[in-house]
Amino acid sequence: MIAGLLLAAGSSARFGADKLVAPLRGVPLVRRSAEPLAAAVDVLHVVVRGAASEVGAALHGLAARLVENPDAAEGMASSIRHGVASLPPVCECVIIALGDQPFVPPDVIAALVARWRGGGAVAVAPGYRDGRGNPVLFGRALFGELLALTGDAGARTLLQSLGDRLAIVEVEGDAPADVDTPEALRALADGRD
């Protein structure tokens, strides 16, 4: 079983409001991020700040389980910990994606899975023209290390420690844009992604 984990518990501090429910071309930003991941995995868990989250309403009708992160103020690692802890024990791997990164090409997710199935790697990341990016696939062998993460750097340090156990899938083009500010959202809405 392949799981998807969408991190959607950030504070939206630079945005000034809950950016994840802001409309992007008529669809909430978080839904645009969730749909391609949901289509590519067997189970999707979305980590949110609160059980009654507006993010949940934005994902209504999508096959996704909401996972509350009461420690969201501690940073991204807490969302990864809560999300990984919520996964069914039969999960072979998890693809971790960002709730504020819409327009991840579905073929990138498929390429991560194909490379992981090819063997020889405990994690697989996309290598975009402008550097390594998200989403990232982690095999079950790394779940313990994901559960031990701390801070706001996510799994960056873990990935750096893997050496040749991390496979990179080369991707044409730049990494999909993150939406951190209202200006970034407007740029994507205008097609400047």
Side-chain angles (χ1 to χ4, degrees), residues 1-11 33-34 36-47 65 67 69 71-180 184 193:
M1 173 183 282
I2 297 175
L5 186 59
L6 189 69
L7 306 181
S11 67
S33 299
L37 187 57
V41 298
D42 300 307
V43 60
L44 175 62
H45 289 196
V46 180
V47 182
R65 175 182 169 204
V67 177
N69 178 3
D71 306 314
E74 293 177 14
M76 189 183 298
S78 68
S79 288
I80 294 172
R81 288 193 317 267
H82 283 283
V84 171
S86 75
L87 297 176
V90 295
C91 284
E92 303 166 76
C93 68
V94 61
I95 300 170
I96 300 179
L98 306 179
D100 67 351
Q101 191 174 56
F103 305 133
V104 170
D107 60 335
V108 169
I109 298 169
L112 297 176
V113 172
R115 175 59 187 88
W116 175 74
R117 285 194 170 134
V122 294
V124 185
Y128 297 100
R129 185 172 48 214
D130 55 351
R132 193 174 72 209
N134 290 299
V136 178
L137 183 151
F138 294 89
R140 174 165 278 293
L142 294 175
F143 282 17
E145 290 173 73
L146 291 171
L147 289 168
L149 292 174
T150 59
D152 199 35
R156 187 176 304 136
T157 303
L158 172 58
L159 289 172
Q160 291 168 344
S161 75
L162 294 177
D164 62 3
R165 297 185 306 148
L166 170 64
I168 304 295
V169 173
E170 297 301 328
V171 178
E172 294 285 327
D174 293 337
D178 289 353
V179 174
D180 291 324
D193 52 320

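The structure displayed is predicted, hence computed values, not measured ones.
Arg165 CZ to Leu159 CG: the interatomic distance, rounded to the nearest 0.5 Å, is 11.0 Å. Between the CD atom in Glu145 and the OG1 atom in Thr157 there is a gap of 11.5 Å [rounded to 0.5 Å]. Here CG of Leu6 is found 11.5 Å from CD1 of Ile95. Values are rounded to the nearest 0.5 Å. Met1 CE to Cys91 SG: the interatomic distance, rounded to the nearest 0.5 Å, is 5.5 Å.
Here the side chains of Phe138 and Val122 are not in contact, with every heavy-atom distance at 4.5 Å or above. Taking the side chain as every heavy atom from C-beta outward, Val43 and Arg65 never approach each other to under 4.5 Å. Annotation: side chain of Val46 is in contact with side chain of Leu44 (closest heavy-atom distance under 4.5 Å). By the 4.5 Å heavy-atom criterion applied to side chains, Leu98 and Pro135 are not counted as neighbours. Contact check for Ile96 versus Leu7: side-chain heavy atoms found under the 4.5 Å cut-off. No side-chain heavy atom of Asp100 sits under 4.5 Å from any side-chain heavy atom of Ser33. Ile168 places none of its side-chain heavy atoms less than 4.5 Å from the side chain of Pro126. Taking the side chain as every heavy atom from C-beta outward, Val136 and Val124 never approach each other to under 4.5 Å.
The environment of Arg140 atom CZ is dense: over 12 non-hydrogen atoms of other residues, nucleotides or ligands sit within 6.0 angstrom.
Annotation: salt bridge (Lys or Arg N to Asp or Glu O under 4.0 Å) contacts of Glu74 (sequence neighbours excluded): Arg81.
Within the structure, salt bridge (Lys or Arg N to Asp or Glu O under 4.0 Å) contacts touching residues 106-132 (residues at least two apart or in different chains) are Arg129-Asp174.
Checking side-chain atoms of Glu92 against main-chain N and O of Gly139 turns up no donor-acceptor pair under 3.5 Å. Ser79 contributes no side-chain N or O that, together with a main-chain N or O of Ala9, makes up a donor-acceptor pair within less than 3.5 Å.
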